[in-house]
Amino acid sequence: MTKFLNDKFKSIAPYNTGGDIVPEGCIRLNTNENPYPPSPLALKRIQEIAQDMNYYCDPDCKKLAQKSSEIFRISPDEILFGNGSDEILNFLFAAMCQNGAAFPDITYSFYKVLAEFHGVDVKIIPLKNFKIIPEDYFNLNSRTAFITNPNAPTGLALAIDDIKNILEHNPESLIVIDEAYVDFGASSCVDLIHEYNNLVIVRTFSKSRSLAGGRLGFCMACKDLIQDLKNIKNSLAPYNINALTQAAGLGILEDEEYTRKNINEICKAREFTKNELEKTGFNVLDSLTNFLFVRHEKFSGEFIFKELIKHKILIRHFNKPEIISDYNRITIGTPEQMILLLEALKNALR
Ligand code: PMP
């Protein structure tokens, strides 16, 4: 650490992506990426735009906003794009958590990192039986709530009525619903942005739309909230979405059929894998996402994680918090990858 680093950052604990050690040739089932490449139309759009890269990209992502407005049934001024949804979350923690934040003990761990970075006071609300209990969020006292729905790494979802209830009990709180995994079977509450001016929906192209490496996320909210967030974005990173990523995003949105087909495949592979894992002695939570949260009756989470690495398969093991240290999170890959996973597990646990 150098003498130039501000004192306030000397004790920060950066986010662990879990992807820092990817041995060559490994099957990557550790970061909930999509196993299928982006739509061919995305690649075509990238090629078309590549020669214009001597110009700055559109800071307002107008084409993306227009196309998204058709797909998500919102107006173009109700959406803002981020360099991954992580950047949107960064804007929210930086600018909209004046009265503190609240989120579950077990959820996307980046929330905690961002809260610490921005000096936001946090109220941690424990899950009960791995579930988010809506009543626990009825009295937020103006804190901003961050709720991943479906939650990660559990894969369990709240119903829209539960979210409505939370919104109605907290007119003074901003409620952020992170729908990173919503396309894999849960219901989006995007329609509610027209009813509630304290709701922000955060979404990403990294999961159902196969663009994790392109870094494209977005949020949808009433137009006043979006304008506030745009002001933050334009103060920190006006050209936050590069031209290639804007082009790729557009191509992906023009090919919704491709996205839907891949989602279908992944959901089928998820149910197959869940069934097979249960036959092998695993406890598997019901999942409405592209991953499974699993625990074996006899073997520790760490043991299984290490055994799979020997078979060149990477899954996500959490050693913290303690109550999930015997669980692992397994991303759903192609059917072929799932078969290799199941075979490796059978060998390892023999
Ligand atoms: N929210 C949740 C719940 C996530 O799991 C992730 C990625 N793992 C993100 C947001 C961030 O996704 P991205 O920055 O790739 O859009």
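As the structure is a computational prediction, the values presented were derived from the model and not from experiment. Order of appearance sets the numbers: ligands from 1, and atoms from 1 within every ligand. These values consider heavy atoms only, across backbone and side chains, with no hydrogens, waters or symmetry-generated copies.
Note: F72 and F218 meet the aromatic proximity criterion, with ring centroids under 6.0 Å apart.
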Side chains of residues 237-244: which donor-acceptor partners sit under 3.5 Å, not counting sequence neighbours?
from : atom 1 : to   : atom 2 : distance (Å)
N240 : ND2    : F81  : O      : 3.0
N240 : ND2    : E87  : OE1    : 2.9
N242 : OD1    : L244 : N      : 2.9
N242 : OD1    : T245 : N      : 3.0
N242 : ND2    : T245 : OG1    : 3.1

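The side chain to side chain donor-acceptor pair (under 3.5 Å) check on T204 picks up S206, with sequence neighbours excluded.
Of the charged side-chain nitrogens involved, none lies within less than 4.0 Å of a carboxylate oxygen, so that E257 and R260 do not count as a salt-bridged pair.
A donor-acceptor pair under 3.5 Å is absent between the side-chain atoms of H317 and the main chain of R329, judged by distance alone.
Protein residues with a heavy atom closer than 4.0 Å to ligand 1 are G84, S85, D86, Y108, T148, D178, A180, Y181, T204, S206, K207, R215, listed by chain and number.
Screening residues 339-350 for side-chain hydrogen bond (donor to acceptor under 3.5 Å, both in side chains), with sequence neighbours left out, gives N347-R350.
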